[in-house]
Amino acid sequence: MMILHGSSISPFVRKIMLALAYKGITYELQPLNPYVEKELAQKRHPMGKVPILEHGELSIIDSTVIAHYLDDVYPVPPLYPGDAQARAKIRWLEEYADTRLTSLVGGVMFYQKILRGKMLDKDVDEEAVEQCIEHHLPLALTYLEEQMPEKGFVGEHFSMAEISLWSVLRSGWMAGLRFTHYPRLNEYLSTIEQEPWVANLISEEDHELASFYCEPVIIGTVD
(Lines give C-alpha, C1' and ligand atoms only; values in the text may rest on other atoms or scores of the structure.)
Protein backbone atom coordinates (compact mmCIF):
# COMPACT_ATOMS: atom_id res chain seq x y z
CA MET A 1 0.00 0.00 0.00
CA MET A 2 1.17 3.53 -0.75
CA ILE A 3 1.82 5.87 2.17
CA LEU A 4 1.27 9.61 1.73
CA HIS A 5 2.96 11.90 4.24
CA GLY A 6 1.38 15.30 4.84
CA SER A 7 -1.99 16.88 5.51
CA SER A 8 -4.75 18.16 3.24
CA ILE A 9 -4.26 21.60 4.77
CA SER A 10 -1.42 21.81 2.24
CA PRO A 11 -2.75 22.35 -1.29
CA PHE A 12 0.07 20.17 -2.62
CA VAL A 13 -0.92 17.27 -0.39
CA ARG A 14 -4.59 17.89 -1.21
CA LYS A 15 -3.63 17.68 -4.87
CA ILE A 16 -2.13 14.20 -4.46
CA MET A 17 -4.97 13.00 -2.23
CA LEU A 18 -7.37 13.86 -5.04
CA ALA A 19 -5.14 12.30 -7.69
CA LEU A 20 -5.03 9.04 -5.71
CA ALA A 21 -8.78 9.13 -5.15
CA TYR A 22 -9.44 9.83 -8.84
CA LYS A 23 -7.41 6.79 -9.80
CA GLY A 24 -9.02 4.66 -7.10
CA ILE A 25 -5.68 3.91 -5.43
CA THR A 26 -5.81 2.81 -1.82
CA TYR A 27 -3.29 4.60 0.38
CA GLU A 28 -2.52 5.41 3.99
CA LEU A 29 -2.26 9.05 5.06
CA GLN A 30 0.45 9.67 7.62
CA PRO A 31 -0.04 13.16 9.13
CA LEU A 32 3.05 15.33 8.81
CA ASN A 33 3.07 19.07 9.49
CA PRO A 34 6.40 20.55 8.33
CA TYR A 35 5.80 23.69 10.42
CA VAL A 36 5.58 21.66 13.63
CA GLU A 37 7.59 18.52 12.82
CA LYS A 38 10.52 20.21 11.11
CA GLU A 39 13.14 17.57 11.90
CA LEU A 40 10.97 14.69 10.70
CA ALA A 41 10.05 16.58 7.53
CA GLN A 42 13.73 17.27 6.84
CA LYS A 43 14.50 13.57 7.18
CA ARG A 44 11.89 12.66 4.58
CA HIS A 45 12.36 15.60 2.18
CA PRO A 46 15.63 17.50 1.54
CA MET A 47 13.72 20.80 1.71
CA GLY A 48 11.46 19.79 4.60
CA LYS A 49 8.29 19.91 2.51
CA VAL A 50 5.24 17.77 1.83
CA PRO A 51 3.89 15.70 0.16
CA ILE A 52 6.07 12.62 0.23
CA LEU A 53 4.77 9.38 -1.27
CA GLU A 54 6.19 6.02 -0.24
CA HIS A 55 5.62 3.10 -2.60
CA GLY A 56 7.47 0.03 -1.48
CA GLU A 57 11.10 1.04 -0.97
CA LEU A 58 10.72 4.10 -3.19
CA SER A 59 10.19 7.58 -1.73
CA ILE A 60 8.85 10.17 -4.19
CA ILE A 61 8.80 13.90 -3.46
CA ASP A 62 7.22 16.96 -5.13
CA SER A 63 3.54 16.90 -6.03
CA THR A 64 4.10 17.15 -9.80
CA VAL A 65 6.71 14.40 -9.77
CA ILE A 66 4.32 12.23 -7.75
CA ALA A 67 1.46 12.91 -10.19
CA HIS A 68 3.57 11.83 -13.16
CA TYR A 69 4.72 8.76 -11.23
CA LEU A 70 1.11 7.79 -10.56
CA ASP A 71 0.33 8.10 -14.27
CA ASP A 72 3.34 5.93 -15.13
CA VAL A 73 2.40 3.21 -12.66
CA TYR A 74 -1.39 3.43 -12.93
CA PRO A 75 -2.10 4.94 -16.38
CA VAL A 76 -5.91 4.58 -16.23
CA PRO A 77 -7.58 6.99 -15.76
CA PRO A 78 -4.87 9.42 -16.86
CA LEU A 79 -4.13 12.64 -15.01
CA TYR A 80 -2.72 14.14 -18.21
CA PRO A 81 -5.13 12.96 -20.93
CA GLY A 82 -5.35 13.96 -24.58
CA ASP A 83 -2.84 14.80 -27.29
CA ALA A 84 0.38 16.78 -26.87
CA GLN A 85 -1.43 20.12 -27.15
CA ALA A 86 -4.02 19.18 -24.52
CA ARG A 87 -1.37 17.87 -22.14
CA ALA A 88 0.69 21.02 -22.56
CA LYS A 89 -2.27 23.14 -21.44
CA ILE A 90 -2.92 20.85 -18.47
CA ARG A 91 0.73 21.08 -17.42
CA TRP A 92 0.77 24.85 -17.74
CA LEU A 93 -2.34 25.30 -15.60
CA GLU A 94 -0.84 22.93 -13.05
CA GLU A 95 2.32 25.06 -13.02
CA TYR A 96 0.29 28.28 -12.75
CA ALA A 97 -1.61 26.83 -9.79
CA ASP A 98 1.54 25.56 -8.08
CA THR A 99 3.49 28.81 -8.48
CA ARG A 100 1.58 32.04 -9.09
CA LEU A 101 -1.68 31.11 -7.39
CA THR A 102 0.01 29.36 -4.50
CA SER A 103 2.27 32.36 -3.83
CA LEU A 104 -0.81 34.58 -3.44
CA VAL A 105 -3.46 32.26 -2.06
CA GLY A 106 -1.23 30.09 0.09
CA GLY A 107 1.70 32.40 0.75
CA VAL A 108 -0.38 35.44 1.66
CA MET A 109 -4.09 34.78 2.25
CA PHE A 110 -4.00 31.35 3.87
CA TYR A 111 -0.72 31.92 5.68
CA GLN A 112 -1.72 35.28 7.14
CA LYS A 113 -5.41 34.83 7.84
CA ILE A 114 -5.61 31.18 8.88
CA LEU A 115 -2.17 29.91 9.86
CA ARG A 116 -0.99 33.06 11.66
CA GLY A 117 -4.30 34.67 12.59
CA LYS A 118 -6.31 31.64 13.67
CA MET A 119 -4.10 28.61 14.22
CA LEU A 120 -1.09 30.34 15.79
CA ASP A 121 -2.95 33.38 17.19
CA LYS A 122 -0.30 35.77 15.87
CA ASP A 123 -0.53 39.20 14.29
CA VAL A 124 -1.72 39.31 10.68
CA ASP A 125 0.05 41.48 8.12
CA GLU A 126 -3.10 43.34 7.08
CA GLU A 127 -1.22 45.45 4.54
CA ALA A 128 0.00 42.34 2.72
CA VAL A 129 -3.52 40.90 2.74
CA GLU A 130 -5.01 44.16 1.41
CA GLN A 131 -2.42 44.42 -1.36
CA CYS A 132 -3.11 40.83 -2.35
CA ILE A 133 -6.89 41.30 -2.44
CA GLU A 134 -6.89 44.66 -4.21
CA HIS A 135 -4.05 44.27 -6.69
CA HIS A 136 -2.30 40.92 -7.08
CA LEU A 137 -5.19 38.47 -6.95
CA PRO A 138 -7.42 40.34 -9.42
CA LEU A 139 -4.63 40.22 -12.02
CA ALA A 140 -3.98 36.52 -11.46
CA LEU A 141 -7.67 35.62 -11.46
CA THR A 142 -8.42 37.71 -14.55
CA TYR A 143 -5.79 35.71 -16.43
CA LEU A 144 -7.25 32.47 -15.10
CA GLU A 145 -10.78 33.52 -16.07
CA GLU A 146 -9.56 33.93 -19.65
CA GLN A 147 -8.27 30.35 -19.67
CA MET A 148 -11.52 28.82 -18.46
CA PRO A 149 -13.86 26.84 -20.74
CA GLU A 150 -17.43 28.01 -21.20
CA LYS A 151 -18.50 24.84 -19.43
CA GLY A 152 -17.03 21.58 -18.26
CA PHE A 153 -13.32 20.89 -17.88
CA VAL A 154 -10.24 22.39 -19.50
CA GLY A 155 -9.99 19.39 -21.82
CA GLU A 156 -12.38 16.64 -22.79
CA HIS A 157 -11.81 14.82 -19.51
CA PHE A 158 -11.11 15.54 -15.85
CA SER A 159 -7.37 16.10 -15.41
CA MET A 160 -4.57 17.42 -13.25
CA ALA A 161 -5.54 20.93 -14.35
CA GLU A 162 -8.80 20.62 -12.40
CA ILE A 163 -7.12 18.97 -9.43
CA SER A 164 -4.30 21.53 -9.18
CA LEU A 165 -6.41 24.66 -9.61
CA TRP A 166 -9.13 23.52 -7.26
CA SER A 167 -6.64 22.38 -4.61
CA VAL A 168 -5.04 25.80 -4.20
CA LEU A 169 -8.25 27.80 -4.63
CA ARG A 170 -9.84 25.63 -1.95
CA SER A 171 -7.24 27.08 0.45
CA GLY A 172 -8.37 30.51 -0.72
CA TRP A 173 -11.98 29.61 -0.03
CA MET A 174 -11.00 28.67 3.52
CA ALA A 175 -9.37 32.09 3.85
CA GLY A 176 -12.65 33.69 2.76
CA LEU A 177 -12.01 34.26 -0.95
CA ARG A 178 -15.08 34.18 -3.20
CA PHE A 179 -14.95 34.38 -6.98
CA THR A 180 -18.42 35.52 -8.00
CA HIS A 181 -16.96 38.31 -10.19
CA TYR A 182 -15.26 35.59 -12.26
CA PRO A 183 -18.26 33.66 -13.63
CA ARG A 184 -16.37 31.09 -15.72
CA LEU A 185 -13.95 30.33 -12.91
CA ASN A 186 -16.75 30.16 -10.37
CA GLU A 187 -18.73 27.74 -12.54
CA TYR A 188 -15.61 25.71 -13.23
CA LEU A 189 -14.89 25.26 -9.53
CA SER A 190 -18.53 24.31 -8.88
CA THR A 191 -18.33 21.67 -11.62
CA ILE A 192 -15.20 20.17 -10.06
CA GLU A 193 -16.89 20.00 -6.66
CA GLN A 194 -19.64 17.80 -8.10
CA GLU A 195 -17.11 14.99 -8.56
CA PRO A 196 -17.66 12.49 -5.74
CA TRP A 197 -13.99 12.19 -4.67
CA VAL A 198 -13.80 15.97 -4.42
CA ALA A 199 -17.07 16.22 -2.48
CA ASN A 200 -15.80 13.57 -0.05
CA LEU A 201 -12.64 15.55 0.66
CA ILE A 202 -14.65 18.75 1.16
CA SER A 203 -16.80 16.97 3.75
CA GLU A 204 -13.73 15.68 5.59
CA GLU A 205 -12.04 19.08 5.61
CA ASP A 206 -15.19 20.87 6.75
CA HIS A 207 -15.48 18.46 9.65
CA GLU A 208 -11.88 19.02 10.76
CA LEU A 209 -11.18 22.64 9.83
CA ALA A 210 -14.46 24.60 9.76
CA SER A 211 -13.60 26.47 12.97
CA PHE A 212 -10.64 28.08 11.18
CA TYR A 213 -12.55 29.33 8.11
CA CYS A 214 -12.68 33.09 7.52
CA GLU A 215 -15.52 35.43 6.67
CA PRO A 216 -16.21 35.71 2.91
CA VAL A 217 -14.42 38.36 0.86
CA ILE A 218 -15.45 38.84 -2.77
CA ILE A 219 -12.46 39.48 -4.99
CA GLY A 220 -13.00 42.31 -7.48
CA THR A 221 -11.80 42.48 -11.07
CA VAL A 222 -9.00 44.51 -12.61
CA ASP A 223 -9.95 48.18 -12.91
Side-chain angles (χ1 to χ4, degrees), residues 10-19 22 62-65 67-68 71 77-114 127-195 197-199 201-202 214-223:
S10 159
F12 298 110
V13 176
R14 184 183 297 124
K15 170 180 166 181
I16 298 305
M17 291 174 69
L18 288 177
Y22 177 58
D62 185 87
S63 64
T64 300
V65 174
H68 283 287
D71 253 11
L79 294 169
Y80 303 89
D83 58 17
Q85 183 176 349
R87 293 196 300 274
K89 185 168 186 179
I90 291 168
R91 289 175 179 135
W92 164 240
L93 289 174
E94 178 183 19
E95 175 68 13
Y96 191 74
D98 288 354
T99 54
R100 183 55 177 161
L101 289 182
T102 295
S103 69
L104 299 173
V105 173
V108 179
M109 300 302 299
F110 188 89
Y111 174 73
Q112 291 293 338
K113 296 186 70 176
I114 292 184
E127 183 177 350
V129 170
E130 182 179 352
Q131 285 289 321
C132 190
I133 290 174
E134 294 187 0
H135 301 290
H136 304 306
L137 269 174
L139 288 171
L141 294 174
T142 295
Y143 171 78
L144 194 57
E145 175 79 358
E146 294 168 353
Q147 309 306 308
M148 292 294 96
E150 291 186 7
K151 61 179 180 178
F153 304 131
V154 167
E156 294 184 6
H157 304 284
F158 192 88
S159 74
M160 185 51 70
E162 282 71 49
I163 289 174
S164 299
L165 290 169
W166 184 85
S167 292
V168 65
L169 292 177
R170 168 68 172 170
S171 293
W173 186 93
M174 292 177 180
L177 300 183
R178 299 296 183 267
F179 310 107
T180 53
H181 287 335
Y182 301 86
R184 286 193 178 188
L185 176 60
N186 208 40
E187 178 64 25
Y188 177 73
L189 296 173
S190 296
T191 300
I192 294 169
E193 291 174 357
Q194 293 173 21
E195 299 294 331
W197 51 89
V198 179
L201 181 57
I202 291 173
C214 299
E215 293 295 319
V217 176
I218 296 176
I219 302 298
T221 55
V222 178
D223 293 334

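Side chains included, hydrogens not; waters and symmetry mates left out as well; all remaining heavy atoms used.
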Visitor: For Val154 and Ala161, work out which heavy atoms get closest and say how close.
Guide: CG2-CB, 4.2 Å
Visitor: Taking all atoms of both residues into account, what is the closest heavy-atom pair of Ala67 and Ile16, and its distance?
Guide: N-CD1, 4.1 Å
Visitor: Suppose we screen for ring-ring contact (aromatic ring centres under 6.0 Å, His included). Which residues come up paired with Trp92, at least two apart in sequence or across chains?
Guide: Tyr96
Visitor: For Met109 and Val129: C-alpha separation, side-chain torsions, deciding distance, then whether side chain to side chain contact (heavy atoms under 4.5 Å, CB included) applies.
Guide: CA-CA 6 Å; Met109 300 302 299; Val129 170; 3.9 Å; yes
Visitor: Which pairs count as salt bridge (charged side-chain N to carboxylate O under 4.0 Å, His left out) when at least one residue sits in residues 94-104, sequence neighbours excluded?
Guide: Lys15-Glu94, Lys15-Asp98
Visitor: Mind listing the closest non-hydrogen atom pair of Ile219 and Leu141 along with its distance?
Guide: CG2-CD1, 3.8 Å
Visitor: Does the side chain to side chain contact (heavy atoms under 4.5 Å, CB included) test come out yes or no for Leu18 and Glu195, once each step is laid out?
Guide: CA-CA 10 Å; Leu18 288 177; Glu195 299 294 331; over 6 Å; no
Visitor: Closest approach of Val108 and Ala128, non-hydrogen atoms and distance?
Guide: CG1-O, 3.7 Å
Visitor: So, Ser159 side chain and Tyr80 main chain: donor-acceptor pair closer than 3.5 Å or not?
Guide: no
Visitor: For Glu187, what residues pass the side chain to side chain contact (heavy atoms under 4.5 Å, CB included) criterion, not counting sequence neighbours?
Guide: Thr191
Visitor: Enumerate the salt bridge (charged side-chain N to carboxylate O under 4.0 Å, His left out) contacts for residues 157-169, please, sequence neighbours excluded, ordered by first and then second residue.
Guide: none
Visitor: Glu146: what forms a side chain to side chain contact (heavy atoms under 4.5 Å, CB included) with it, not counting sequence neighbours?
Guide: Thr142, Tyr143
Visitor: Can you find a pair of side-chain heavy atoms, one from Met160 and one from His68, that are under 4.5 Å apart?
Guide: no
Visitor: To the nearest 0.5 Å, what is the distance between CD on Gln147 and CD on Glu145?
Guide: 10.0 Å
Visitor: Donor-acceptor pairs under 3.5 Å, side chain of residues 177-184 to any protein atom, not counting sequence neighbours: which ones?
Guide:
unit_1, atom_1, unit_2, atom_2, d
Arg178, NH1, Trp173, O, 3.0
Tyr182, OH, Gly220, O, 2.4
Arg184, NH1, Met148, O, 3.1

Visitor: Taking only residues two or more places apart in sequence, or in another chain, which ones meet His135 in a side chain to side chain contact (heavy atoms under 4.5 Å, CB included)?
Guide: Gln131
Visitor: Applying side chain to side chain donor-acceptor pair (under 3.5 Å), can you list everything that pairs with Ser171, at least two apart in sequence or on another chain?
Guide: Arg14
Visitor: Check Cys214 against Ile114 and note the closest heavy-atom contact, atom names and distance.
Guide: SG-CG1, 3.8 Å
Visitor: Classify the angle between the aromatic ring planes of Trp197 and Phe158 as parallel (below 30°), tilted (30 to 60°) or perpendicular (above 60°).
Guide: perpendicular
Visitor: Name all residues meeting the side chain to side chain contact (heavy atoms under 4.5 Å, CB included) criterion together with His157; count only those two or more places apart in sequence or in a different chain, and write none if there are none.
Guide: Pro81
Visitor: Can you name the side chain to side chain donor-acceptor pair (under 3.5 Å) partners of Glu193, sequence neighbours left out?
Guide: Trp166
Visitor: Quick check: closest heavy atoms across Val168 and Val105, and the distance to 0.1 Å?
Guide: O-CG1, 3.2 Å
Visitor: Nearest 0.5 Å, what's the CZ-OG1 distance between Phe12 and Thr64?
Guide: 8.0 Å
Visitor: Below 4.5 Å, heavy atoms only, C-beta onward: do Ile192 and Arg170 meet side chain to side chain?
Guide: no
Visitor: Atom CG of Leu93 and atom CD1 of Ile163: how far apart are they, to the nearest 0.5 Å?
Guide: 13.0 Å
Visitor: Any side-chain heavy atom of Leu185 sitting closer than 4.5 Å to one from Leu169?
Guide: yes
